[in-house]
Visitor: 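First the structure, which I've put down as structure tokens, then a few questions once you've had a look.
Everything numeric here is computed off the predicted structure, so don't read it as measured data.
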Amino acid sequence: MKHLRYFVAVATERSFTRGAERLNMAQPPLSRRIHEMEEELGTKLFDREARPLALTATGQLFYEQAIQVIQRAELSTAEQKPATVAE
């Protein structure tokens with residue numbers, strides 16, 4: 001989940017620097033995590049030559065799916081919280 005949140009922050013901000021600021025972390029470790037994710041997936045998610053930063057076609061699909069996964073996880077977590085019982 002953490003890596004998905006990293007990816008979404010960079011994709012939303014269209015910048016590694018602003019994504020790192022949004023996540024309250026340094027930019028180099030964030031860049032490494034995204035690179036590791038791309039290596040694991042076997043594809044590039046960002047067109048790093050574009051300014052501002054742009055998603056590749058695969059990156060766009062991955063972004064849409066990542067948003068859904070994060071939303072579902074948050075919803076699931078909220079549903080798991082016990083309801084308070086009125087006395």
Visitor: State, with a plain yes or no, whether a side-chain heavy atom of Val69 is found less than 4.5 Å away from one of Met1.
Guide: yes
Visitor: So, Arg18 and Glu21, do they make that salt bridge, N to O below 4.0 Å?
Guide: no
Visitor: So, do Arg48 and Leu53 sit near enough that their side-chain heavy atoms are less than 4.5 Å apart?
Guide: yes
Visitor: Atom CZ in Phe46, atom OG1 in Thr56: separation rounded to 0.5 Å?
Guide: 8.5 Å
Visitor: Distance-only, no hydrogens or angles: does the Ser76 side chain make a donor-acceptor pair with backbone N or O of Arg72 under 3.5 Å?
Guide: no
Visitor: Assess whether atom CD of Gln68 is packed by more than 12 heavy atoms of other residues, nucleotides or ligands within 6.0 Å.
Guide: yes
Visitor: Could you give all pairs that pass the ring pair (Phe, Tyr, Trp, His ring centres under 6.0 Å) test and reach residues 50-80, with sequence neighbours left out?
Guide: Phe7-Phe62
Visitor: Answer yes when Arg5 and Glu74 have at least one side-chain N-carboxylate O distance shorter than 4.0 Å, and no when they do not.
Guide: yes
Visitor: Take Met37 and Tyr6 through the test side-chain contact (heavy atoms from CB on, under 4.5 Å) and record every step on the way to the result.
Guide: CA-CA 10 Å; Met37 183 182 293; Tyr6 292 167; 5.7 Å; no
Visitor: When rounded to the nearest 0.5 angstrom, what is the spacing between CD in Glu36 and NE2 in His3?
Guide: 5.5 Å
Visitor: Of the non-hydrogen atoms in Pro29 and Ala26, which two are nearest, and what is the gap between them?
Guide: CD-O, 3.3 Å
Visitor: Taking atom OG1 of Thr17 and atom CD of Gln27, what is their separation to the nearest 0.5 Å?
Guide: 5.0 Å
Visitor: Please assess Lys44 against His35 for the test side-chain contact (heavy atoms from CB on, under 4.5 Å), listing each intermediate value before the final yes or no.
Guide: CA-CA 8 Å; Lys44 295 290 182 189; His35 180 72; 4.3 Å; yes
Visitor: Determine yes or no for a side-chain-to-main-chain donor-acceptor pair under 3.5 angstrom, with Glu38 supplying the side chain and Leu45 the backbone.
Guide: yes
Visitor: What heavy-atom pair brings Gly19 and Leu30 nearest, and what distance separates the two atoms?
Guide: C-CD2, 3.8 Å
